[in-house]
Protein chains: 2
Amino acid sequence: MTLRVVGVDPGLTRCGLACVDVETNRRTQLVGVTVIGTTADQPLDERLLRIDQGIEAWLDQYKPDVVAIERVFASTNVSTVMGTAQASGIVIAAAARRRIPVALHTPTEVKAAVTGSGQASKDAVGKMVTKILRLTEVPKPADAADAIALAITHGWRGAAPGSQASASSHSASALTPAQKAWAAAEATARRTRSR
Amino acid sequence: MTLRVVGVDPGLTRCGLACVDVETNRRTQLVGVTVIGTTADQPLDERLLRIDQGIEAWLDQYKPDVVAIERVFASTNVSTVMGTAQASGIVIAAAARRRIPVALHTPTEVKAAVTGSGQASKDAVGKMVTKILRLTEVPKPADAADAIALAITHGWRGAAPGSQASASSHSASALTPAQKAWAAAEATARRTRSR
């Protein structure tokens with residue numbers, strides 16, 4: 001049983017998109033990764049439209065069970081935070097239009113999940129992502145690696161929509177068949193591990 | 001010749017939408033006004049979807065020549081700015097999907113355009129909006145009045161897309177027939193006034 005997660009590292013200049021399949025034994029497969037790029041000389045509406053079209057096409061192509069997005073904080077970087085928030089709003093709305101549950105994860109959660117340390121460097125995250133996915137080289141740019149790390153984080157948490165990290169209303173009873181089966185299998189695996 | 005402007009005061013809890021028709025002699029007619037409301041106990045994706053659906057329906061119903069949105073600053077109010085930016089991103093993308101030009105105006109510009117003072121209170125803006133539109137009472141809540149003020153500001157500027165305030169790439173040559181005619185009439189009126 002596989003959970004398909006799309007991870008999004010939102011940004012106006014570079015918006016990282018990744019898709020991974022996570023099995024109940026946590027084995028993770030990279031399905032696809034890309035970065036939507038726009039430049040500061042483009043008008044804002046064109047840049048946001050590009051991101052809107054990019055995420056729409058991505059969700060249509062990969063049909064994920066859940067979308068995991070980096071939680072944006074106002075305090076992070078004042079010069080880029082507005083564009084990042086605008087991009088994240090567009091991504092969340094695109095998922096919501098398709099009734100795909102959305103989960104938010106902080107950068108610290110992602111670093112901790114992937115490397116074991118919430119203080120890990122971007123470099124360390126990239127290296128662990130490469131190892132986890134059995135890739136031959138580190139995904140570039142960093143936004144691509146970050147999107148993959150987000151997707152892995154969510155897949156590994158097995159965070160059912162409705163958990164703390166969720167931005168969605170979908171309760172356990174509103175899970176898709178794939179999600180339900182995955183959650184059940186995850187619970188079994190958890191019991192097995194704790195024996 | 002009439003320019004139809006939709007004004008948007010973006011916000012996660014209250015997103016004000018207004019539609020006004022502005023004639024070349026600056027006579028302005030209120031066509032419609034509403035506020036999309038969501039509550040903090042709703043999941044983020046539901047709230048953003050509600051705003052997405054609301055602006056989509058509004059643009060489909062009123063088919064404006066241009067959408068004027070309040071420019072959001074990261075320094076404004078840290079606790080609400082992220083939701084405001086996410087909402088504004090969704091509104092800009094919805095306009096861009098329809099190829100409707102988008103213009104951004106700062107709160108100071110709006111206050112100055114409507115009341116003559118960039119330091120005007122919300123109360124003063126509401127009163128002037130009421131007077132300009134020949135209404136019998138001040139539009140409530142303030143988000144509704146602010147959305148109307150934004151639409152008036154843009155309509156009165158006659159800011160052709162491509163001007164400094166624009167977020168769009170549409171150059172003068174890419175104006176809709178209505179916009180072209182309006183810009184021409186505006187130019188004539190300007191010449192007339194300066195005689």
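So you know, we letter chains A, B, ... as the sequences are listed, proteins then strands, and number each from 1. Values below: all heavy atoms of this structure, side chains included; hydrogens, waters and symmetry mates excluded.
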I need the residue from A:G83, A:P10, A:A85 with the largest number of non-hydrogen atom pairs under 4.5 Å to chain B. A:A85
For a 4.5 angstrom cut-off between non-hydrogen side-chain atoms, does B:R99 reach A:L49? yes
Quick check: is B:V33 connected to B:V114 through a chain of hydrophobic side chains (ILVMFWY, heavy atoms under 4.5 Å apart)? yes
With hydrophobic residues grouped by side-chain heavy-atom distances under 4.5 Å, do B:L59 and B:L104 end up in a single group? yes
Any chain of hydrophobic side-chain contacts (each under 4.5 Å) joining A:I100 to B:L48? yes
Euclidean distance, B:M82 CE relative to A:T84 OG1, rounded to 0.5 Å: 7.5 Å
Apply the test side chain to side chain contact (heavy atoms under 4.5 Å, CB included) to residues B:L44 and A:V102: give CA-CA distance (whole Å), side-chain angles for both, the deciding distance (0.1 Å), then the verdict. CA-CA 9 Å; B:L44 179 62; A:V102 174; over 6 Å; no
CG (A:D52) and CD1 (B:I92) are apart, to the nearest 0.5 Å, by 11.5 Å
Give a yes or no on whether A:V125 and A:I132 share a hydrophobic cluster (residues Ile, Leu, Val, Met, Phe, Trp, Tyr; joining criterion: side-chain heavy atoms under 4.5 Å apart). yes
Go through it in stages, so that I can follow the logic: the residues are B:I90 and A:Q86, the test is side chain to side chain contact (heavy atoms under 4.5 Å, CB included), and I'd like the CA-CA distance, side-chain angles, deciding distance and then a yes or no. CA-CA 7 Å; B:I90 286 168; A:Q86 288 174 322; over 6 Å; no
Establish whether A:L17 and A:V138 are linked, either directly or via other cluster members, by ILVMFWY side-chain heavy-atom contacts under 4.5 Å. no
